[in-house]
Colleague: 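Attaching a single structure in structure tokens format; questions to follow.
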Amino acid sequence: MKNPETEWVTAYIGLGSNLANPALQIKSARTAITQIAGVKELAFSSLYHSPPMGPQDQPDYVNAVMCVAAELPPMDLLRCLQRIENDQGRVRKDQRWGARTLDLDVLIYGDRIIELPDLTVPHPGLAERAFVLYPLYEIAPQLLVPGKGHIADLLDRCPMNGLKRLD
Ligand code: ROI
């Protein structure tokens, strides 16, 4: 039976891909995320084109950010996202920060600060990543990022690093 005390929490998910038709990977992931029980889409950013952060010998990325209402605890949400990554053919390689068909990150989960072995929220790289901050700002310009400050202030301190919005 449904627990009447479960709450719907507003969460933000980062999407990234640089292999096997990245824009299509992002669109398929969006559909898959909306099909998770206990998740509802609230907003989805434009798609953005971004040069790779990390090793440069890999293709450019397509990135986006999705806002959802989630009834799932954060670790359950993460597991569902990992399943979607695997379903879309993600192969985990030894190289750190290498190319990937699909990367789904829990960026923010309500006002919570989470430090678990497999999950740090807000995402630790959030404030330094133009490909996260700009799409996030597009759909949540008033957002207060727990422990980090207002999205507009984070954005002011983050160069665009070649990020381009796709139409
Ligand atoms: N670089 C860009 N531009 N976009 C990403 O989504 C992305 N994801 C990563 C690393 C390898 C850090 N670089 C990235 O995981």
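All of these numbers come straight from a predicted model, not from anything done at the bench. Just so you know, ligand 1 is whichever comes first in the structure, and atom 1 is the first atom listed for that ligand. Because only heavy atoms are used, hydrogens play no part in the values below, and waters and symmetry mates are left out as well, while side chains stay in.
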Colleague: Are Arg79 and Asp118 close enough for a salt bridge, meaning some N to O gap below 4.0 Å?
Modeller: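 Judged by the 4.0 Å cut-off on N to carboxylate O distance, Arg79 and Asp118 do form a salt bridge.
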Colleague: So, is Met53 polar-close to ligand 1, with some N/O to N/O distance under 3.5 Å?
Modeller: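 Between Met53 and ligand 1 (N or O atoms, distance only) the closest approach is under 3.5 Å.
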Colleague: Before giving the answer on side chain to side chain contact (heavy atoms under 4.5 Å, CB included), spell out for Ile13 and Leu81 the whole-Å C-alpha distance, their side-chain angles and the decisive distance to 0.1 Å.
Modeller: CA-CA 9 Å; Ile13 297 167; Leu81 297 179; 4.1 Å; yes
Colleague: Please give me the minimum heavy-atom distance between Ala11 and Leu77, naming the atom from each residue.
Modeller: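 Distance-wise, the nearest heavy atoms are CB-CD2, 4.4 Å.
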Colleague: Would you mind telling me if ligand 1 is within reach of the side chain of Pro52, the backbone, both or neither, using heavy atoms under 4.0 Å?
Modeller: backbone
Colleague: Which ligand 1 atoms, with their elements, are less than 4.0 angstrom from a heavy-atom of Pro51?
Modeller: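 Close to Pro51: 2 (C), 3 (N).
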Colleague: Give the atoms of ligand 1, by number and element, whose distance to some non-hydrogen atom of Arg100 is under 4.0 Å.
Modeller: 15 (O)
Colleague: Considering only NZ, NE, NH1 and NH2 on the basic side and carboxylate oxygens on the acidic side, decide whether Arg30 and Glu41 come within less than 4.0 Å.
Modeller: yes
Colleague: Got the closest protein heavy atom to atom 8 (N) of ligand 1, with its distance?
Modeller: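 Closest protein heavy atom to atom 8 (N) of ligand 1: Tyr61 CE2, 3.8 Å.
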Colleague: Do Glu138 and Ser46 get their side chains close enough for a donor-acceptor pair, meaning under 3.5 Å?
Modeller: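 Their side chains do contain a donor-acceptor pair, which is all the 3.5 Å distance test asks for.
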Colleague: Please work out, at 4.0 Å between heavy atoms, whether the side chain, the backbone, both, or neither of Asp103 comes within that distance of ligand 1.
Modeller: side chain
Colleague: Ignoring angles and geometry beyond distance, decide whether Trp97 reaches within less than 3.5 Å of ligand 1 through its nitrogen or oxygen atoms.
Modeller: no
Colleague: Quick check on the hydrophobic clustering: are Ile139 and Phe44 connected, directly or via other members, by side-chain heavy-atom contacts under 4.5 Å?
Modeller: no
Colleague: Which protein heavy atom lies closest to atom 4 (N) of ligand 1, and at what distance to 0.1 Å?
Modeller: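 Protein heavy atom with the smallest distance to atom 4 (N) of ligand 1: Asn63 OD1, 3.0 Å.
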Colleague: Does ligand 1 have an atom under 4.0 Å from some heavy atom of Gly54?
Modeller: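 In this structure, Gly54 fails to qualify as a contact of ligand 1 - no heavy atom is under 4.0 Å.
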Colleague: Of all heavy-atom pairs between Pro51 and Leu163, which one has the smallest distance, and what is that distance?
Modeller: CD-N, 4.2 Å
